[in-house]
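See below for the structure under consideration.
This one's a predicted model, so the numbers in the text were calculated from it and none came from an experiment.
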Amino acid sequence: MNQKDMRRSDWQRILRREYVSRDCRMHGRRGKESLLVIREVTGPLVVHDAGEDVLIAEKDYAWVQIALEGLPFWLTAMYDAQGRLIQIYFDITGGNRFDDPENPTFVDMYLDIVVNSRGELYIMDRDELDEALTEGVITREERDAANAACARLYAYLEENREAVAELCGRVYRELWERLASR
């Protein structure tokens, strides 16, 4: 299983970045919100999204990330250089860790949910989750927990994706102002 951090410090594609974070509280849970602005990259990152290629990382693109204690997912909202929302991406996690309060981490449980720019909602990488089980990287219980978390989050997003997009937009604007004032 891969561990990822909020600063995306292991991401070699990013040559220069700006980063700002703050503590947050949502639905009675503590967490962290951050804005990662990609200033220079080795090359663009394009992903396949519902039948089309989508650029998600390039010079001056920005990623808002939100992680809350006790929840099995990590939100990343991706914005282009003009501040337009590209997609909202949810990693299903084996838990969000706040050992380093400035740089939280999570264990990636392979399964992901995407809300694309058209508001379409879909699950990705179920095959990776099944492969991890087959290869003994995760247990059946971990696979079942990831599937259950994915199902609960998907059901929530079916009714609340616009509110989630609005939340991401608010966090993006507030953290952008904070970054600009430094």
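With hydrophobic clusters built from ILVMFWY side chains whose heavy atoms lie under 4.5 angstrom apart, I66 does not share a cluster with F98. I123 and I138 end up in the same hydrophobic cluster when Ile, Leu, Val, Met, Phe, Trp and Tyr side chains are linked at under 4.5 Å.
Other residues sharing the hydrophobic cluster of Y19, ordered by chain and number and joined by side-chain separations under 4.5 Å: M6, W11, I14, L36, I38, V41, L45, V46, V47, V54, L55, I56, Y61, W63, W74, M78, I86, Y89, F106, V114, Y122, M124.
V115 is not listed as a side-chain neighbour of Q87, based on a closest heavy-atom distance of 4.5 Å or more.
Pairing each heavy atom of C150 with each of I92, the nearest pair is CA-CD1, 3.9 Å. Residues N103 and R7 approach most closely at OD1-N, 2.9 Å, considering heavy atoms. Heavy atoms only, all atoms of each residue included: L68 and C24 are closest at CD2-SG, 3.9 Å. In terms of heavy-atom proximity, P44 sits nearest to R13 at O-NH1, 2.9 Å. Between M109 and A146, the shortest heavy-atom distance links the atoms CB-CB, 4.2 Å. Between R182 and R178, the shortest heavy-atom distance links the atoms CG-O, 3.3 Å.
Partners of D125 under the salt bridge (charged side-chain N to carboxylate O under 4.0 Å, His left out) rule, at least two apart in sequence or in another chain, do not exist in this structure. In this structure, the salt bridge (charged side-chain N to carboxylate O under 4.0 Å, His left out) partners of R39, at least two apart in sequence or on a different chain, are E18, D60. The salt bridge (charged side-chain N to carboxylate O under 4.0 Å, His left out) check on D23 picks up K32, with sequence neighbours excluded. Scanning for side-chain contact (heavy atoms from CB on, under 4.5 Å) contacts around R30 gives R25, E69, with sequence neighbours left out. The side-chain contact (heavy atoms from CB on, under 4.5 Å) check on L15 picks up E40, T42, with sequence neighbours excluded. Annotation: ring-ring contact (aromatic ring centres under 6.0 Å, His included) contacts of Y110 (sequence neighbours excluded): none. Applying the side chain to side chain donor-acceptor pair (under 3.5 Å) criterion to R118, with sequence neighbours excluded, gives E52, E120.
Residue E162 qualifies as open at atom CD: its count of foreign heavy atoms under 6.0 Å is 12 or below. Atom NE2 of H48 has more than 12 neighbouring heavy atoms from other residues, nucleotides or ligands inside a 6.0 Å radius. For Q82, the CD atom counts as densely surrounded, since its 6.0 Å shell holds more than 12 non-hydrogen atoms of other residues, nucleotides or ligands.
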Begin from the C-alpha positions of K4 and T76 and carry the test side chain to side chain contact (heavy atoms under 4.5 Å, CB included) through to its verdict.
CA-CA 12 Å; K4 297 181 182 177; T76 304; over 6 Å; no
Run the side-chain donor-acceptor check on residues 164-175: report pairs under 3.5 Å with partners two or more places apart or on a different chain.
residue, atom, partner, partner atom, Å
R170, NH1, E174, OE1, 3.2
R173, NH1, G169, O, 3.1
E174, OE1, R22, NH1, 3.1
E174, OE1, R22, NH2, 2.5

Identify all side-chain donor-acceptor contacts of residues 127-135 below 3.5 Å with residues at least two apart in sequence or on another chain.
residue, atom, partner, partner atom, Å
T134, OG1, D130, O, 3.0

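Within the structure, the side-chain hydrogen bond (donor to acceptor under 3.5 Å, both in side chains) test picks out the following pairs touching residues 147-159 (sequence neighbours left out): R126-N147. Listed by first and then second residue, the side-chain hydrogen bond (donor to acceptor under 3.5 Å, both in side chains) pairs that reach into residues 91-102 are T93-N96, sequence neighbours excluded.
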